Amino acid sequence: MHWADHTAQTLQNRDGSQVIASGITPSGEFHVGHLREILTAEMIHRACLDAGMESRYIFIVDSMDPLRRVYDFLSPAYQQYIGHPLAYIPAPGPDGAPDPDGGNYADHFLAPFLTALKEIGVEPEVVMNHQTYESGAFADKIHSSIEQKDEIRRVIEEVSGREVPEDWFPYNPLGSDGSIDGVSVTGYEHPHVHWVDSHGVEGTADIRTAQGKLPWRVDWAAKWGIHGITCEPAGKDHGAAGGSYDTGIPICEMLGSQPPHKLVYEWIQLKGMGPMSSSTGLTVGPMDALALVPPEIMRYVIARSKVGRHIDFDTGPALFQTADEYERLVAEPPSGSDEELSRRQQIARDTQLGALRLSQVGKNADPAGSVAGVSFRHLAMLAQIKSNDDDIWDSLRNSGHLEGEPGGTLIGRLRRMRNWVDGPHFPDAAKIEVQSGVSDEIRVHLTDEHRQFLSALSGSLEDCEWTEEAIGDCIRSVAAGVAIGGREAYVALYWIILGKNHGPKASSLMAEMEMEHLLSLISET
RNA sequence: GGGCCUGUAGCUUAGUCAGGUAGAGCAUCCGGCUUUUAACCGGACGGCCGUGGGUUCAAAUCCCAUCAGGCCCGCCA
């Protein structure tokens with residue numbers, strides 16, 4: 001069974017409808033790793049719906065979390081905002097300086113991420129955490145946390161093994177300058193928390209507003225209760241023993257709610273470069289990834305991997321393999337009845353079918369539509385030899401891959417393929433490079449038969465209409481005339497054009513070349 | 001120091017929770033297809049399941065130990 005279906009089955013034992021959640025702090029650029037968080041949760045949500053359960057999927061943006069430090073992409077001017085909730089500070093402009101017209105920091109980074117999510121078929125209910133504070137929804141949990149201050153402290157110390165400071169208080173008010181740093185709590189009279197900040201200013205925070213927040217371990221546990229979250233996948237950093245998930249569970253219970261089902265996922269790494277890290281600049285943003293990778297393939301990368309396995313995100317040669325694998329699965333989904341399959345084969349069948357189902361951008365869409373009738377590899381070839389999109393559609397019509405006008409899926413696939421082919425990630429081995437001349441190394445591969453054929457072809461091509469079809473006819477008639485095997489005729493052409501003994505459809509390739517260049521190559525043999 | 005994840009064919013991996021003859025795909029090689037989608041079809045090759053113990057009639061699977069890689073324990077998916 002697929003992991004998402006298995007999780008759905010586990011959740012079925014709980015009362016009520018499901019609320020699957022993701023939570024991310026918008027402290028900077030979102031990256032591909034965040035897509036795993038989102039897609040893991042969203043696939044569980046879909047699996048619940050598919051199992052006939054009621055389910056919602058919410059994306060909690062931790063907009064109340066404070067800015068922790070001045071990141072590399074921020075100007076030093078952000079020093080003044082350290083400790084301030086991300087929702088209440090200005091977004092950086094292109095130069096990294098606070099941009100007064102750029103809206104707030106949290107929204108600035110969130111907006112493009114939501115656009116990327118839409119492309120992969122994810123449209124969550126977005127909850128801005130600072131608004132939940134502003135609405136007063138946290139008030140009961142905050143009050144309850146303060147009343148159980150010592151018990152919560154004990155839980156954190158026992159479960160995490162960490163010493164909690166003497167002056168710890170389960171509520172961090174914002175000080176006179178808007179920062180939660182350096183603010184000491186001096187008393188509590190429901191619903192007001194009294195404080196004094198590092199400037200010596202005294203004040204009062206109303207827990208029914210966003211004048212302060214819970215410390216994050218408590219904040220997370222409180223959110224579970226407030227939203228009735230039944231499952232929130234967490235990255236392995238939170239999932240480690242003694243991590244925030246383990247302290248969150250008892251705290252959530254102390255605050256009067258049932259904690260969610262724990263699920264820990266491994267991280268995505270960039271191939272050969274370790275985990276994502278915004279500080280080292282080693283990131284691939286969701287938009288970057290989706291500019292190259294078709295959305296259903298992006299989903300498939302997550303769906304096919306077990307939650308506990310790390311994923312190497314590879315935009316090089318592995319992308320061909322992933323696409324091949326996906327297309328094979330679409331073309332021939334695993335089948336067979338329980339009777340004729342072993343238990344293991346049944347598991348494999350159900351897991352693959354689940355991965356295929358959950359990879360679709362549209363929920364329960366027909367997977368066949370996602371491939372748009374053209375293989376990823378074929379499109380890679382066409383995108384390289386034809387610079388004009390219309391020529392590609394013509395080619396696809398001629399080859400029977402396309403009828404009429406291309407649909408949105410196919411257009412999107414070509415757009416991404418062109419980005420890939422023209423960008424730095426495209427593998428050299430897949431590049432089609434027309435030779436500028438025929439080298440000695442290549443010449444040794446040519447037989448007399450090859451030369452005879454090429455020489456005859458040279459004469460015919462000069463009178464040939466320069467279209468794919470005419471060139472194809474020309475090759476065939478010349479080949480027949482000089483009694484060379486059909487295959488060998490093409491091998492000869494591939495050697496002189498590409499320097500290899502094989503390649504994409506020769507006539508397409510030749511039609512894209514200048515006739516003079518081709519004739520000069522032949523003359524060099 | 002504490003903890004988590006991973007280790008199965010050259011590569012990517014399924015199977016581990018509920019022990020019952022190790023399965024796939026890619027790559028490679030061979031063969032087929034009289035006119036090339038880097039295509040397609042058929043076949044072969046290839047694993048003491050990281051290592052060492054233990055439990056069991058039976059272990060990739062459970063237990064103990066050990067090695068290796070990745071990671072977490074201030075914030076981070």
Side-chain angles (χ1 to χ4, degrees), chain A residues 1 6 10 22-25 27-28 30-41 62 65-69 71 159-162 216 232-247 264-269 274-279 304-312 314 317-318 320-322 324-326 328-329 334 341-349 351-352 373-382 384 395-396 398-401 429-430 432 472-473 475-477 479-480 484-487 489-491 493-494 498 500-509:
Chain A
M1 187 183 289
H6 181 259
T10 305
S22 296
I24 300 179
T25 305
S27 55
F30 284 80
H31 53 67
V32 166
H34 292 109
L35 288 181
R36 186 166 204 179
E37 160 97 19
I38 295 288
L39 285 171
T40 301
D62 289 320
D65 286 13
L67 183 70
R68 274 293 158 220
R69 59 188 177 84
Y71 302 104
V159 176
S160 73
R162 179 172 300 111
W216 76 282
E232 179 171 346
K236 64 174 174 182
D237 49 335
H238 296 309
S244 46
Y245 219 119
D246 285 356
T247 52
V264 176
Y265 61 88
E266 256 284 355
W267 284 8
I268 291 183
Q269 314 205 1
M276 301 283 165
S277 167
S278 34
S279 58
R304 70 165 172 177
S305 303
K306 288 192 291 192
V307 177
R309 290 189 89 105
H310 86 257
I311 294 174
D312 279 323
D314 187 343
F320 277 121
Q321 286 168 29
T322 306
D324 282 346
E325 188 180 312
Y326 177 79
R328 264 197 307 276
L329 201 52
L341 297 178
S342 67
R343 186 175 135 264
R344 288 176 189 176
Q345 288 173 317
Q346 289 171 33
I347 291 170
R349 176 198 60 192
T351 304
Q352 288 190 307
V374 188
S375 79
F376 192 74
R377 282 184 188 276
H378 186 44
L379 202 55
M381 185 273 289
L382 292 177
Q384 290 183 81
S395 164
L396 290 172
N398 287 335
S399 56
H401 291 93
I432 295 172
D473 289 342
I475 293 170
R476 282 187 287 274
S477 67
I484 188 174
R487 188 181 187 87
Y490 287 100
V491 168
L493 285 167
Y494 289 128
L498 301 177
K500 304 174 186 177
N501 66 354
H502 62 281
K505 193 170 183 180
S507 51
S508 308
L509 192 54

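Just so it is clear, the structure is predicted and the values come from calculations on it, not from any experiment. Lettering of chains follows the sequences in order, A, B, ..., and the numbering in each one begins at 1.
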Quick one: label Arg304(A) by what it contacts on the DNA or RNA (base, sugar-phosphate, nothing), any heavy atom closer than 4.0 Å.
nothing
Measure the OG1-NE2 distance between Thr351(A) and His6(A) for me, rounded to the nearest 0.5 Å.
10.5 Å
With a non-hydrogen cut-off below 4.0 angstrom, is Ile432(A) in contact with a base, only sugar-phosphate, or nothing?
base
Could you tell me the separation between the CZ atom of Arg304(A) and the CD atom of Glu325(A), rounded to the nearest 0.5 Å?
4.5 Å
Once the angle between the rings of Phe376(A) and Phe320(A) is folded into 0 to 90°, is it parallel (under 30°), tilted (30 to 60°) or perpendicular (over 60°)?
perpendicular
Sticking with atom C1', work out how far C49(B) lies from U6(B), rounded to a whole angstrom.
14 Å
Short side-chain N/O contact from His378(A) to OP1 or OP2 of U37(B), under 4.0 Å
no
Counting just side-chain N and O atoms, does Trp216(A) come under 4.0 Å of either OP1 or OP2 of C75(B)?
yes
Can you check whether Arg328(A) has a side-chain N or O nearer than 4.0 Å to OP1 or OP2 of A39(B)?
no
Could you measure between the two C1' atoms, the one in C48(B) and the one in A44(B), and give it in whole Å?
23 Å
Using a 4.0 Å heavy-atom cut-off across all strands, classify Gly243(A) as base, sugar-phosphate, or nothing.
nothing
Can you tell me the distance, in whole Å, between the CZ atom of Arg309(A) and the C1' atom of A14(B)?
9 Å
Base, sugar-phosphate, or nothing for Arg476(A), non-hydrogen atoms under 4.0 angstrom?
base
Send over the distance from Asp473(A) CG to U35(B) C1', rounded to a whole Å.
10 Å
How would you label the contact of Thr25(A) with the nucleic acid (heavy atoms, under 4.0 Å): base, sugar-phosphate, or nothing?
sugar-phosphate
Sugar-phosphate only, base, or nothing, as touched by Ala380(A) at under 4.0 Å among non-hydrogen atoms:
nothing
Indicate, with a heavy-atom threshold strictly under 4.0 Å, whether His401(A) touches base, sugar-phosphate, or nothing.
base
